[in-house]
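Report on the structure given below.
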Amino acid sequence: MEVTTMSHALQLHAQIVKLGPQNDVASRNLSKLFTFAALSPAGNLNYARLLLNSNTTPFNSYYYNTLIRAYSRSSDPTHHTKAFSLFISMLRGPHPLPKPDNFTFPFIIKCSCNHFTLQQIHAFVTKMGFASDRFIINALIHAYSEFGELGIAHKVFDEMIDRDVVSWTTIIDGLVNGDRPIEAMGLFESMLEGGVEVNDVTVVSVLRACADAGALSLGKRVHGIVKEKGIACKGSNISTALIDMYVKSGCVESARKVFDDVVDKDVFVWTTMIFGLASHGQCEEAIDLFYEMVASGVKPDERTITVVLSACRNAGFLRECNMFLNDAEKLYGVKPTIQHFGCVVDLLAREGRLKEAEDFVSTMPIKPDAVLWRTLIWACKVHGDIDRAERFVKKLELQEKSADDSGSYILASNVYASVGKWCNKAEVRELMNKKGLIKPPGSSRIEVDGVVHEFVMGDYNHPEAEKIYLKLDEIVDKIRKEGYDPKVSEVLLEIDYEEKAIQLLHHSEKLALAYGLIKTTEGSKIRIVKNLRSCEDCHEFMKLISKIFQRDIIVRDRIRFHHFKNGVCSCKDYW
DNA sequence: ATAGGGTTAG
């Protein structure tokens with residue numbers, strides 16, 4: 001008989017007490033009752049704990065492990081602490097408790113709060129002879145990855161003897177989350193070579209990697225695998241990942257095809273497609289698709305609203321923007337977030353309606369965040385309203401939240417520099433140093449002839465780095481000696497190489513640039529996916545690149561795509 | 001008599 005409610009559980013408990021712990025029926029019921037109390041959403045963790053502490057419950061590792069498992073699933077960190085103290089008492093006593101076993105570790109690993117604790121547990125795992133337990137090791141790999149210890153995670157993975165799909169998927173997923181999609185993709189390839197069967201989870205992870213890297217060719221291959229094996233039937237999450245991958249690799253049409261074939265579209269599928277259209281400059285289509293979604297009976301969530309608002313913003317539809325903002329709560333029960341308000345502010349600011357933007361911010365029911373201030377400051381800078389920019393910079397500086405955000409500081413220092421207030425700029429820089437803010441290196445990835453190349457600022461790791469630098473020097477030299485050469489140097493000349501413009505380009509971008517010059521000789525589209533930190537960077541870079549290649553360019557920054565035709569950006573985006 | 005690891009949009 002199944003236990004389904006707490007009152008039923010209490011009845012059983014009474015019966016158990018009556019029968020006594022020695023009774024067979026009683027002990028079977030006890031385990032049922034306990035499992036229900038600990039794990040069922042209708043159960044009660046504290047009650048399970050009481051049961052464990054009562055002397056009728058046998059010293060059996062099952063009960064301890066189950067309770068630790070229950071604690072580990074909770075989002076409440078004090079539960080993790082409780083799990084830990086249970087674990088410790090299992091290790092050391094004082095009472096004769098069951099020793100931690102192979103079941104204990106996967107749960108307790110989930111409870112560790114930092115990588116030091118994790119390493120201690122890892123040591124116990126080894127000491128107690130569980131170093132070849134796949135479940136435990138997979139849990140370790142996952143946990144190390146979550147703490148950003150990808151090096152250790154990778155090492156543990158490498159040293160494993162019998163890796164299975166989960167091991168591979170875990171490390172791949174960890175690399176994707178750690179912004180190392182290229183390595184993730186590499187591992188996926190080795191996994192295929194090694195003949196490991198991939199499943200739906202693997203596919204979703206590797207598709208995320210492809211999306212991040214703009215790796216269309218591998219993305220397509222994965223799509224092929226999905227079709228071949230029919231893995232997609234299980235749910236819409238693969239479809240969502242595929243749509244996202246195509247969108248971020250610059251292929252809305254392919255994304256749309258996948259989208260149209262999804263029979264039971266959920267909110268994720270719709271939202272991703274709406275984002276896809278909006279980010280490719282098809283803003284009105286995106287808005288239409290939003291209405292289609294609502295008509296089909298799927299309720300938009302917070303993210304959907306953000307996406308449709310950003311479509312309005314990119315299209316310059318202020319009226320619609322306000323309308324959707326009002327509808328969000330009334331029609332769809334979505335509480336407006338800072339991103340939602342941010343869209344309206346962004347739109348006003350871009351159009352140069354800076355006072356309106358400022359007024360809007362002061363009437364918002366939510367406290368503006370650093371991103372919002374930055375949007376405003378940037379717009380002020382573009383529209384030459386430096387007084388207002390300075391006022392916003394002050395607001396930004398007051399905000400503790402921006403303390404860990406080096407982007408804000410850099411923006412602030414740029415504002416000061418642009419009006420020649422070098423003292424203030426120096427102050428900001430100093431503040432940054434004091435807080436130990438180091439800007440993470442910029443990186444870019446480019447797919448040329450089916451190969452994704454990654455460049456990190458200041459790196460020399462590209463296999464053809466030397467060649468690339470040589471080529472770059474050669475070009476620069478040529479410009480110096482011969483001046484203008486319309487074939488290759490138009491842009492470099494125009495931007496005044498030595499003086500300033502090249503400073504806008506990171507090392508990585510120089511590499512990509514030069515590499516493109518050497519290698520890219522055919523095709524009409526170049527996909528470049530960049531993790532740029534601001535639209536400013538993005539546009540500077542892309543203006544250059546698209547002129548050099550003399551063809552259409554699609555580039556993605558953190559938020560959206562920018563289309564460049566003949567060196568002109570076609571989306572209404574700051575420009 | 002009884003359990004375990006990896007899961008989607010920026």
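By convention in this document, chain letters (A, B, ...) are assigned in the order of the sequence lines, proteins followed by strands, and residues within each chain are numbered from 1.
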**Complete:** For residues 286-303 of chain A, the side chain to side chain donor-acceptor pair (under 3.5 Å) pairs (sequence neighbours left out) are A/Asp301-A/Thr304

**Asked** CG of A/Leu39 versus C1' of B/dT2: gap in Å, rounded?
**Response** 11 Å

**Message:** Between the base of B/dT7 and the side chain of A/Asp173, is there a donor and acceptor pair under 3.5 angstrom?
**Reply:** no

**Asked** If you look at every strand shown and take non-hydrogen atoms under 4.0 Å, does A/Phe107 touch a base, only sugar-phosphate, or nothing?
**Response** sugar-phosphate

**Complete:** Here the distance between atom C1' of B/dG4 and atom CD1 of A/Ile109, to the nearest Å, is 10 Å

**Prompt:** Heavy-atom contacts under 4.0 Å between residues 118-136 of chain A and DNA chain B, which residues?
**Reply:** A/Asp133, A/Arg134, A/Phe135, A/Ile136

**Length of the CG-P vector between A/Leu277 and B/dA9, whole Å** = 17 Å

**Message:** Using whole Å, what does the distance between atom C1' of nucleotide B/dT2 and atom CG of A/Leu52 come to?
**Reply:** 15 Å

**Message:** Determine whether the aromatic ring centres of residues A/His79 and A/Tyr71 are separated by less than 6.0 angstrom.
**Reply:** yes

**d(CG, A/Asn199; P, B/dG6) in whole Å** = 13 Å

**Asked** Expressed in angstrom and rounded to an integer, what is the separation of A/Phe268 atom CZ from B/dA9 atom C1'?
**Response** 7 Å

**d(CG, A/Leu33; P, B/dT2) in whole Å** = 15 Å

**Request:** Please answer whether B/dA3 and A/Phe103 are stacked, defined here as ring centres separated by less than 5.5 Å and planes angled under 30°.
**Result:** yes

**Item:** Distance, rounded to the nearest Å, where A/Arg163 contributes CZ and B/dG6 contributes P
**Value:** 19 Å

**Prompt:** For DNA chain B, which residues in residues 62-69 of chain A have a heavy atom at a distance below 4.0 Å?
**Reply:** A/Tyr62, A/Asn65, A/Arg69

